[in-house]
Amino acid sequence: MSGSSGRTTVISMTVARIVVPIILVTAIALLLRGHNLPGGGFIGAVLAAAAFALVYVIFGLDYLQREILGISPDGSERHRLVDSYRWMASLGLALAVGSSLAPLAFDFPFLTQGVLFLEHLPLYGELEVASAFAFDLGVFFAVVGGLLTIVAEVGNE
């Protein structure tokens, strides 16, 4: 499990293994609370992309592709992972645009948010489900896909 060029130290690999899960959990927490509190899709996506970029820098793109995501290279110079990032960015953009246009179908203004409160849930009590989460999720996937496409393309150079 050495880095892509053999220059990666054991310390940096160990730190990455400890820090990356913490960064990803923080990114998900920011995504989930974003429609009510500061945070949301953009900042959560930047953190998630930073975690994947850290794995890429420490271990290399081939390691990320083969060992973590289980994608084998197709033999060309391009990595198949980059195509996945582009699809993620495109689907995220479609989700964000679709969720912002959906209220227009019900004669509400653009980007109108609906909220549903689920009460008396076991172990959780009350849960607020907001339609703004769909927009945040779309922004999250669009930003993660875009940033990781840039990181992978620059890293291929």
Side-chain angles (χ1 to χ4, degrees), residues 1 3-4 8-71 79-103 108-155:
M1 281 197 205
S4 61
T8 306
T9 65
V10 174
I11 294 172
S12 62
M13 292 187 326
T14 304
V15 168
R17 286 188 178 117
I18 294 169
V19 171
V20 167
I22 295 170
I23 294 172
L24 289 174
V25 167
T26 304
I28 291 170
L30 286 171
L31 170 66
L32 293 177
R33 70 183 223 152
H35 58 278
N36 286 333
L37 300 168
F42 182 79
I43 190 63
V46 170
L47 278 176
F52 278 95
L54 182 61
V55 170
Y56 169 63
V57 167
I58 299 296
F59 296 100
L61 187 59
D62 288 332
Y63 175 82
L64 179 65
Q65 202 170 250
R66 284 188 187 122
E67 301 298 324
I68 295 179
L69 300 174
I71 300 172
H79 289 274
R80 288 178 40 204
L81 192 56
V82 174
D83 294 331
S84 301
Y85 294 153
R86 289 183 181 146
W87 272 103
M88 182 188 304
S90 300
L91 292 175
L93 183 61
L95 179 61
V97 169
S99 66
S100 61
L101 292 175
F108 289 108
F110 180 70
L111 276 175
T112 299
Q113 175 179 325
V115 179
L116 174 67
F117 292 97
L118 302 174
E119 298 177 351
H120 308 297
L121 295 174
L123 299 176
Y124 195 72
E126 181 180 82
L127 178 65
E128 178 183 342
V129 180
S131 62
F133 180 68
F135 181 78
D136 278 340
L137 195 61
V139 169
F140 180 85
F141 286 129
V143 172
V144 167
L147 288 176
L148 290 181
T149 299
I150 292 169
V151 168
E153 287 292 347
V154 169

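Since the model is a prediction, treat every value here as computed from it, not as a measurement.
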Tell me, please, which residues at least two apart from Ser131 pass side chain to side chain contact (heavy atoms under 4.5 Å, CB included).
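Applying side chain to side chain contact (heavy atoms under 4.5 Å, CB included) to Ser131 gives Gln113.
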
Under the rule for side chain to side chain donor-acceptor pair (under 3.5 Å), what residues qualify as partners of Ser12, not counting sequence neighbours?
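If we apply the side chain to side chain donor-acceptor pair (under 3.5 Å) test to Ser12, skipping adjacent residues, the hits are Thr9.
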
Where do [X] and [Y] come nearest, in terms of heavy atoms and distance?
X      : Y      : result
Pro103 : Pro109 : CB-O, 3.5 Å
Ser100 : Val97  : OG-O, 2.8 Å
Ala51  : Val20  : O-CG2, 3.9 Å

How about [X] and [Y]: do any of their side-chain heavy atoms sit closer than 4.5 Å?
X      : Y      : result
Ile58  : Leu54  : yes
Val144 : Met88  : yes
Leu101 : Phe110 : yes
Phe133 : Leu31  : yes

Rounded to the nearest 0.5 Å, what separation is found between the CZ atom of Phe135 and the CG atom of Leu111?
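That separation rounds to 5.5 Å.
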
Just verifying a value: how many Å separate Tyr85 OH and Leu148 CG, rounded to the nearest 0.5 Å?
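One gets 4.5 Å once the value is rounded to the nearest 0.5 Å.
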
Using the side-chain contact (heavy atoms from CB on, under 4.5 Å) definition, which of the options Val57, Leu24, Val151 pairs with Phe52?
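It is Leu24, the one option of Val57, Leu24, Val151 that forms the side-chain contact (heavy atoms from CB on, under 4.5 Å) with Phe52.
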
Would you list the atom pairs, donor with acceptor, under 3.5 Å between side chains in residues 39-49 and any protein atom, with sequence neighbours excluded?
none

Could you check Val143 against Val139 for side chain to side chain contact (heavy atoms under 4.5 Å, CB included), going step by step and ending with a plain yes or no?
CA-CA 6 Å; Val143 172; Val139 169; 4.1 Å; yes

Please check if atom CD1 in Ile11 has more than 12 non-hydrogen atoms from other residues, nucleotides or ligands closer than 6.0 Å.
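No - once you tally the heavy atoms of other residues, nucleotides and ligands closer than 6.0 Å, there are 12 at most.
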
Is it true that a side-chain atom of Thr112 and a backbone atom of Phe108 form a donor plus acceptor pair closer than 3.5 Å?
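No, Thr112 side chain to Phe108 backbone: no donor-acceptor pair under 3.5 Å.
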
